[in-house]
Amino acid sequence: MARILIEGGHLLEGTVRVSGAKNAVLPILAASLLAAEGVSHIEEVPHLLDVENMANTIHALGADVEWQDSSVTINAENINSVTPPYDLVRRMRASFVVAGPLLTRFGEAVIALPGGCNIGPRPVDLHIKGLEALGATSIVENGFVRLKAPTGGLRGSRIYLDIPSVGATQNIMMAAVLAKGQTIIENAAKEPENVDLANYLNAMGARVRGAGTDIIRIDGVDVMHGATHSVIPDRIEAGTFLVAGAVMGNGVYVENTVSQHIMSLIAKLEEAGATIEDRVDGIKVWPCEGRRMRPLDVKTHYYPSYPTDMQAQMVAALCVAQGTSTVTETVFENRFMHVAELQRMGASIHIEGRTAVIDGIERLSGARVTSTDLRAGAALVIAGLIAEGETEVHGLHHLDRGYDNLVGKFQSLGARIARFEDEEEVAGAAGASAGA
Ligand code: EPZ
């Protein structure tokens, strides 16, 4: 069983470079299906399980996909299916965003309903409602949703999203680029990843305006072609290193980061007592006094408010704050699974409704803990860096979905952290370090 071993209490120092954004590259790979002519070349593609999954999904639909280190070349001229493999969609709900490109280019899409995950039920009703507003019909049968465009293709329409859903905005935006006439998406999700997707769509020949605001206008075009695009940095990966640097750092420079994308997090870190230096290509963080944050009240919400994907990491850091903090999760129904694991490390946390109340303590103690989802895994690694003694983190398949070489990057900052794929390796390493 793969695990990460961490010897806590060692300061982090130096420079770490952030990879391309998982949550931008996934819809960008899906959007490549829209290109009826020419090839797409995507740069700054992180090596993640989820990215591989999406690449396999579009390949299974007939696209040629070639990896070159951290870039991917895609030729979608010969797509021959509108039904992505069930297992691939079940494994990663983000695959559902191939629905829009397939439906608008081929008039049909048959996709497994993704179902819920550990952090919440996560329905796709707003995706389907939006695609129906463009004229599609939908039937749910045998665990699949079958979407069909009217004769003559999708038609532009005005769509108000009940929730500024990131995924629904992406699916509707991609479907609308080949629809007849204009589409207006109101209460759209404003995340930087959606702006990055819109920039890529426009490079492919689309006419998308207003991405990043809550009103997006798309004027349909007749054909889309391949394009070259470099993916934005991963603001959540950057945030993970900044939180670690605020409590265990001695001057950590997080390179390849866009501070505008994480202003809400930066504001909270400064409120907690960290010093943030915004530089051209990155952010330097200096630790809070005594490496213990001042207590905070944090509430997650839709961009540009505090991101839910940075909730767990902040909870971990606040476990050793100088007082009582509250963290309220408003986006997902069940995103406090990391709390029970942090309590195993001695944390004093109780949940009241959708709020975690965290009484800061002097120190955490190392323990054997298990990741329950991607960001919970990152929180446990941060807790392990803070804790006294050794922490053993399991459930690494969650981490591998969204962090590109997390252990290697923390090692480069001086952390005493290592990853072992199985028993032998652990025994071998223990023998080695005992000998050292
Ligand atoms: C994206 O998920 C991200 N994933 C998530 O990151 C992130 O947490 C989330 O946006 C919110 O920021 C990717 O980009 C691949 P939503 P998405 O649709 O698009 C409800 C990570 O850690 N909703 O904006 O699935 C939904 O249940 C992941 O990297 C409906 O009710 O999120 C949720 O409560 C985890 N009906 C809320 O809206 C719908 O049709 C926001 O979901 C769609 C969503």
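In listed order, ligands and their atoms are each counted from 1. Quick caveat: nothing in here was measured; it's all calculated off a predicted structure.
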Subject >> Pairing of Glu255 and Arg279 as salt bridge, 4.0 angstrom limit >> reply: no
**OP:** Tell me which protein heavy atom sits closest to atom 1 (C) of ligand 1, plus the residue, atom name and distance to 0.1 Å.
**Re:** Val166 CB, 4.0 Å
Subject >> Distance-only N or O hit between ligand 1 and Ala94, under 3.5 Å >> reply: no
Original post:
Applying a strict 4.0 Å limit to heavy atoms, is Arg335 in contact with ligand 1?
Top reply: yes
Original post:
Is Tyr302 close to ligand 1, meaning an N/O of one under 3.5 Å from an N/O of the other?
Top reply: no
Subject >> Ligand-residue contact atoms, ligand 1 with Asp309, heavy atoms, under 4.0 Å >> reply: 5 (C), 6 (O), 7 (C), 8 (O), 21 (C), 22 (O), 28 (C), 29 (O), 35 (C)
Original post:
Should you measure from each heavy atom of Val331, which atoms of ligand 1 turn up under 4.0 Å away?
Top reply: 33 (C), 34 (O), 41 (C)
Original post:
Nearest protein heavy-atom contact for atom 26 (C) of ligand 1: which residue, which atom, what distance?
Top reply: Phe332 CE2, 4.3 Å
**OP:** Can you run down the salt bridge (Lys or Arg N to Asp or Glu O under 4.0 Å) pairs that involve residues 51-79, sequence neighbours left out, and say none if there aren't any?
**Re:** none
Original post:
Any heavy atom of Pro123 sitting closer than 4.0 Å to ligand 1?
Top reply: yes
Subject >> Which residue and heavy atom of the protein sit nearest atom 15 (C) of ligand 1, plus the separation >> reply: Asn23 OD1, 3.3 Å
Subject >> Check against side chain to side chain donor-acceptor pair (under 3.5 Å), Thr372 and Asn118 >> reply: CA-CA 7 Å; Thr372 45; Asn118 287 353; 5.4 Å; no
**OP:** State whether the shortest distance between N or O atoms of Leu126 and N or O atoms of ligand 1 falls below 3.5 angstrom.
**Re:** yes
**OP:** Return the residue, atom name and 0.1 Å-rounded distance of the protein heavy atom closest to atom 17 (P) of ligand 1.
**Re:** Arg122 NH2, 3.7 Å
**OP:** Say whether Thr308, considering both its backbone and side-chain N or O atoms, lies within less than 3.5 Å of an N or O atom on ligand 1.
**Re:** no
Original post:
Are Glu392 and Arg344 ion-paired here, with the side-chain N under 4.0 Å from a carboxylate O?
Top reply: no
Original post:
Is there a donor-acceptor pair under 3.5 Å between the side chain of Asn75 and the backbone N or O of Val39?
Top reply: no
**OP:** Kindly say whether Phe96 contributes a backbone atom to a donor-acceptor pair with the side chain of Asn171 at under 3.5 angstrom?
**Re:** yes
Original post:
Please state which protein non-hydrogen atom is closest to atom 29 (O) of ligand 1 and give its distance, to 0.1 Å?
Top reply: Arg375 NH2, 2.8 Å
**OP:** Please write down residue, atom name and distance for the protein heavy atom closest to atom 36 (N) of ligand 1.
**Re:** Asp125 OD1, 2.6 Å
Original post:
Under a 4.0 Å N-O cut-off, is there an ion pair linking Lys22 with Asp309?
Top reply: no
**OP:** Considering the heavy atoms of Gly167, write down every atom of ligand 1 situated less than 4.0 Å from one of them.
**Re:** 18 (O), 19 (O)
Subject >> Closest protein heavy atom (residue, atom, distance) for atom 20 (C) of ligand 1 >> reply: Ile163 CD1, 4.0 Å
**OP:** Spell out, as yes or no, whether a donor-acceptor pair under 3.5 Å connects the side chain of Arg105 to the backbone of Leu33.
**Re:** yes
Original post:
Hey, is Lys22 one of the residues with a heavy atom under 4.0 angstrom from ligand 1?
Top reply: yes
Original post:
Do any N or O atoms from the side chain of Gln343 and from the backbone of Ile349 form a donor-acceptor pair under 3.5 angstrom?
Top reply: yes
Original post:
In terms of side-chain geometry, is the basic nitrogen of Arg209 or Asp219 positioned less than 4.0 Å from the acidic oxygen of its partner?
Top reply: yes
